[in-house]
Amino acid sequence: MRDLLISLSIVGLLLAAWITFSCYSEGQAEDLSQFIDTDIMSAVEASDWKDADAKILILKERWKQYRKSALFFLDTQTINEIDCSLAKAVKYAKAEDVSNASGEFHALARQLEFLSTGEAVTWGNIF
């Protein structure tokens, strides 16, 4: 009986940690996606590369902070794909390529939206 209670306590602790991170992750992913859609996309589409570069630095720092905690709970392959998309978008912005940069940033924003929904605490993700 004691082992059962210990096992249930551990499972409860894991679920509580997962739910807490899920709430945090959903907010962070939504904020990053919104930042890309509103701030970075407007600068890129206006060809304001100086402003876009400043905002990209902010995005990279915010992603770096979020990524540290996301690696403990989320799929590493998905995080690596987001890293790759971010790197491509940054290179397109450095090359001042409006169409490719805006397309890659749009795709990056959608990947961030799917990141939180794909890892949400739902019965489908648990079983």
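Below, each value reflects all heavy atoms present in this structure, side chains not excepted, and no hydrogens, waters or symmetry copies.
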**Report entry** CD1-CD1 distance between Ile40 and Ile58, expressed to the nearest 0.5 angstrom
**Finding:** 8.0 Å
Report task. Run the numbers on Phe73 and Ser25 for side chain to side chain contact (heavy atoms under 4.5 Å, CB included), then give the verdict. Result -> CA-CA 10 Å; Phe73 293 96; Ser25 179; over 6 Å; no
Report summary line: The side-chain contact (heavy atoms from CB on, under 4.5 Å) partners of Lys91 (sequence neighbours excluded) come to none
Report task. Would you please classify the geometry between the Tyr66 ring and the Phe21 ring as parallel, tilted or perpendicular, with 30° and 60° separating the classes? Result -> parallel
Query raised in the report: Heavy atoms, side chains only, cut-off 4.5 Å: are Phe35 and Leu112 in contact?
Result: no
Query - Considering all heavy atoms, the nearest Ala89-Ala101 contact - result: O-CB, 4.5 Å
Report task. Measure the OG-NE2 distance between Ser33 and His106 for me, rounded to the nearest 0.5 Å. Result -> 9.0 Å
Query raised in the report: When rounded to the nearest 0.5 angstrom, what distance separates CG in Asp31 from CD1 in Ile36?
Result: 11.0 Å
Query raised in the report: Should Leu15 and Leu8 be regarded as members of a common hydrophobic cluster, given that ILVMFWY residues are connected when their side-chain heavy atoms come within less than 4.5 Å of each other, either directly or indirectly?
Result: no
Query raised in the report: Looking at residues at least two apart in the chain, or sitting in another chain, which of them share a side chain to side chain donor-acceptor pair (under 3.5 Å) with Asn100?
Result: Asp97
Report task. Calculate, to the nearest 0.5 Å, the distance between atoms CG and OG1 belonging to Leu115 and Thr78 respectively. Result -> 6.5 Å
Query raised in the report: With a 4.5 Å heavy-atom cut-off, do Leu86 and Leu59 have their side chains touching?
Result: yes
Report summary line: The side-chain contact (heavy atoms from CB on, under 4.5 Å) partners of Ala52 (sequence neighbours excluded) come to Ala43, Val44, Trp49
Query raised in the report: Roughly how far, to the nearest 0.5 Å, is the CD atom of Glu81 from the CD1 atom of Ile79?
Result: 10.5 Å
Query raised in the report: How long is the gap from CG on Leu108 to CG on Leu32, to the nearest 0.5 Å?
Result: 8.5 Å
Report summary line: So salt bridge (Lys or Arg N to Asp or Glu O under 4.0 Å) across residues 2-24, not counting sequence neighbours, yields none
Requested in this report: Report the C-alpha distance between Ser102 and Met41 in whole Å, list the side-chain angles of each, state the deciding distance to 0.1 Å, and finish with yes or no for side chain to side chain contact (heavy atoms under 4.5 Å, CB included).
Outcome: CA-CA 6 Å; Ser102 62; Met41 290 294 286; 3.8 Å; yes
Query raised in the report: What about Phe72 and Tyr24, same hydrophobic cluster or not, with Ile/Leu/Val/Met/Phe/Trp/Tyr joined at side-chain heavy-atom distances under 4.5 Å?
Result: yes
**Report entry** Residue pairs passing the side chain to side chain donor-acceptor pair (under 3.5 Å) test where at least one lies in residues 36-46, sequence neighbours excluded
**Finding:** Asp37-Arg110
Query raised in the report: Cluster partners of Leu5, using ILVMFWY side-chain heavy atoms under 4.5 angstrom, listed by chain and number?
Result: none
Query - Contacts of Gln111 that satisfy side chain to side chain donor-acceptor pair (under 3.5 Å) - sequence neighbours left out - result: Ser85
Requested in this report: Starting from Ile10, walk the hydrophobic network (Ile, Leu, Val, Met, Phe, Trp, Tyr; side-chain heavy atoms closer than 4.5 Å) and list everyone else you reach, by chain and number.
Outcome: Ile6, Leu14
**Report entry** Connected-component partners of Leu57 among ILVMFWY, side-chain separation under 4.5 Å
**Finding:** none
Requested in this report: For Tyr92, check side chain to side chain donor-acceptor pair (under 3.5 Å) against everything at least two apart and list the hits.
Outcome: none
Query raised in the report: Mind checking what makes side-chain contact (heavy atoms from CB on, under 4.5 Å) contact with Lys64, not counting sequence neighbours?
Result: Glu61
Query raised in the report: Is any side-chain heavy atom of Arg67 less than 4.5 Å from a side-chain heavy atom of Asp83?
Result: yes
Query raised in the report: Lys55: what forms a side chain to side chain donor-acceptor pair (under 3.5 Å) with it, not counting sequence neighbours?
Result: Asp51
